[in-house]
Amino acid sequence: MAQLRGVLYPKYSGNDVIAVHFDEMADLLELQGANPFRVRAYRNAASTVRKTNIDLGQLIACGKPLPKLQGVGDDLASKIREIVTTGDCALRQRLRATVPSGMVELLSIAGLGPKRVGRLYQELGVENIQQLCQAAQQGRIRQLTGFGRKIEAQLLNSALRGLNKHRRFPLADVAPLAQGLIREIARIPGVEQATVAGSLRRMRDTVGDIDILVAAGPEVGVIARFIQLETVSTVLTKGHTRASVLLRSGLQVDLRVINPDVYGAALVYFTGSKLHNIALRKMAHKAGLKLSEYGLFGAHETFTCRSEADVYRALKLPWIAPELREDRGEIQAALAGQLPRLVELGDLKGDLHVHTLDSDGDNSIEEMALAARKSGLEYLAITDHFHSLQMAHGLIRERLLQQIDQIDALNARMGGVTLLKGIEVDILEDGSLGLPDDVLSRLDVVIGAVHTHFNLSRSKQTARYLKAIEHPYFSILAHPLCRLINKREPVDLDLDAVIRAAAARGCSLELNAQPERMDLFDIHCQHAKSEGVLISVSSDARDVADFSNLYFGVAQARRGWLRGQDVLNTRPVCAIKSLQCGV
DNA sequence: GCCGTTTTCGGCCCGACTGTTTTCAGTCG
């Protein structure tokens with residue numbers, strides 16, 4: 001569903017435009033009944049293009065040849081060039097001319113795939129969601145062979161409630177619900193293990209549903225107990241080994257009951273990602289083995305698969321952390337013995353982005369400091385907004401100078417945590433900073449952030465960021481892409497250029513761990529790391545409870561392959577203070 | 001449409017579940 005995937009990927013490079021075109025062509029080809037493997041080729045190419053760090057548009061603009069990309073042959077490479085140079089693709093135009101535009105949207109309805117959409121169109125003239133609702137309400141869908149009352153009701157329900165297959169929720173909203181379910185399921189007598197799987201276990205910043213695996217024998221009756229849980233509102237499907245339900249919150253949960261002897265194989269399979277699984281299966285195939293959720297099999301032997309480590313070991317691989325399982329080079333790194341030692345929450349020594357009562361926070365400086373100390377942090381940068389940001393009740397100049405004195409006094413009095421003097425200063429439309437140098441010079445940490453003018457052109461937006469980074473007192477770029485999950489798209493920006501500028505200036509980029517921000521994205525962290533730019537994993541806390549954001553921020557950093565040494569705030573406080581010493 | 005230690009053609013993951021029909025098609029993960 002090309003139109004409804006806005007949440008999933010950043011648009012920091014032109015690659016996303018290419019990927020959206022490929023996805024749309026896959027949808028349209030599928031609706032036309034094209035060879036399913038041809039459809040898959042377009043989807044695979046879209047995925048590859050999204051994952052690559054190379055800005056393909058930039059490359060073509062420089063007259064350089066395209067590198068070999070997985071799943072992109074001569075034909076799709078020529079279409080990439082066509083999209084980059086003309087902004088469109090002739091095949092896409094031809095397909096759009098033959099398929100009504102609303103039909104692509106119909107693919108987003110749960111229970112509708114290309115075959116059913118095709119029949120609804122041919123036999124009932126249904127071209128969009130509105131017409132689908134009308135046909136269902138008039139009882140016309142049930143009259144088609146192969147359809148019936150239940151399917152008709154399900155489609156109407158899905159369409160009316162806006163349930164679609166691509167809706168995603170912030171990780172931090174879903175994780176506590178999942179942990180609650182795991183606790184309940186683990187209490188069922190006879191259950192040996194219960195684990196979250198899927199994108200939630202891989203700690204993607206958004207998740208579409210909750211996947212849960214349970215190790216138990218068939219006599220335990222897990223499914224029957226599960227669908228009776230208090231939080232379950234609707235049972236969508238249930239069988240002997242699997243059930244899907246909706247929670248009262250509207251979130252879907254898929255539960256699978258697994259034989260404990262093959263729990264490891266099932267956990268690998270259902271944790272995914274799909275591309276990681278395919279890569280593992282290919283490896284197994286080459287070794288003459290067959291890997292599935294039911295185990296790993298040779299011609300004459302069956303391997304032990306009780307744990308994930310058993311499975312990876314049999315494939316001659318070390319265990320791979322779920323956050324890395326995206327087929328972004330983790331298997332090659334594992335084979336070479338070069339998997340990174342990923343950063344952990346306990347590696348963080350400080351937090352460099354925190355608000356207090358002086359701007360839009362709910363707690364005093366001292367309360368935030370005590371909470372940070374309790375969270376095991378050694379230092380904390382107080383970074384309230386300056387007054388140019390009216391909406392966050394920013395500090396006035398005099399108050400900021402008072403705050404500096406107050407921090408000195410608290411540092412003299414408090415033990416166990418060091419407070420740093422900081423500011424979250426606006427990057428104005430022209431790239432200048434909303435605070436004079438004589439004030440900036442008194443601070444330990446200057447975080448710059450864009451809070452207005454999100455819709456500048458790509459070139460103007462990039463120039464704005466680059467000018468800000470060049471400022472001698474600028475130390476960290478906060479929430480670089482300004483996205484809000486499900487609310488605001490990332491700004492259009494040449495992030496490659498920004499990362500290069502940060503590397504040249506010795507500045508850091510922030511990974512803002514507010515649940516609805518999660519900004520930077522994982523692939524950007526990986527890119528920044530490759531350019532030698534440190535990432536600051538920050539809570540952007542508004543109150544004392546918000547330090548828990550750091551858990552999810554670290555997860556995103558791990559998905560970006562970051563090690564402890566790649567994260568700015570794993571360093572001791574003296575290293576942070578020295579950021580401004582080179583000015 | 002891509003790919004290749006089974007290479008220029010033939011395979012591309014495949015099983016669970018549902019609703020419908022009565023042996024299977026379609027969807028989903």
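Every chain is numbered from 1 and lettered A, B, ... according to where its sequence line falls, protein lines coming before strand lines.
The CG-P distance, from A:Leu291 to B:dG15, rounds to 13 Å in whole Å.
A sub-4.0 Å separation between OP1 or OP2 of B:dG4 and a side-chain N or O of A:Lys282 is absent.
Nucleic acid contact class of A:Arg116 (heavy atoms, under 4.0 Å, all strands): sugar-phosphate only. Counting non-hydrogen atoms under 4.0 angstrom, A:Phe22 reaches nothing in the nucleic acid. In this structure, A:Lys274 reaches the bases: a heavy-atom distance under 4.0 Å links it to at least one base atom across the strands shown. Across all strands, A:Asn44 comes closer than 4.0 Å to no nucleic acid atom at all (heavy-atom distances). Using a 4.0 Å heavy-atom distance criterion, A:Ser292 is classed as making no nucleic acid contact. Counting non-hydrogen atoms under 4.0 angstrom, A:Pro114 reaches the backbone sugars and phosphates but no base. When heavy atoms are screened at a 4.0 angstrom cut-off, A:Phe270 is found touching no nucleic acid atom at all.
Taking the centre and axis of the six-membered ring of A:Phe521, the NZ or CZ atom of A:Arg559 falls outside the cone set by 45° and 6.0 Å.
Partners of A:Gln122 according to the side-chain hydrogen bond (donor to acceptor under 3.5 Å, both in side chains) rule, which considers only residues two or more places apart in sequence or in another chain, do not exist here.
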Under 3.5 Å between N/O atoms: give me all the protein pairs with nucleotides 20-24 of chain B, atom names plus distance.
unit_1, atom_1, unit_2, atom_2, d
B:dT20, OP1, A:Gly148, N, 2.5
B:dT20, OP1, A:Gly148, O, 3.2
B:dT20, OP1, A:Arg149, N, 3.2

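In terms of position on DNA chain B, the residue among A:Lys290 and A:Asp254 whose nearest nucleotide sits closer to the 5' end is A:Lys290.
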| Derivation of the salt bridge (Lys or Arg N to Asp or Glu O under 4.0 Å) call for A:Glu308 and A:Arg325 | CA-CA 13 Å; A:Glu308 284 193 330; A:Arg325 300 183 197 172; 2.7 Å; yes
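Side-chain polar atoms of A:His276 and A:Glu326 form no donor-acceptor pair below 3.5 angstrom.
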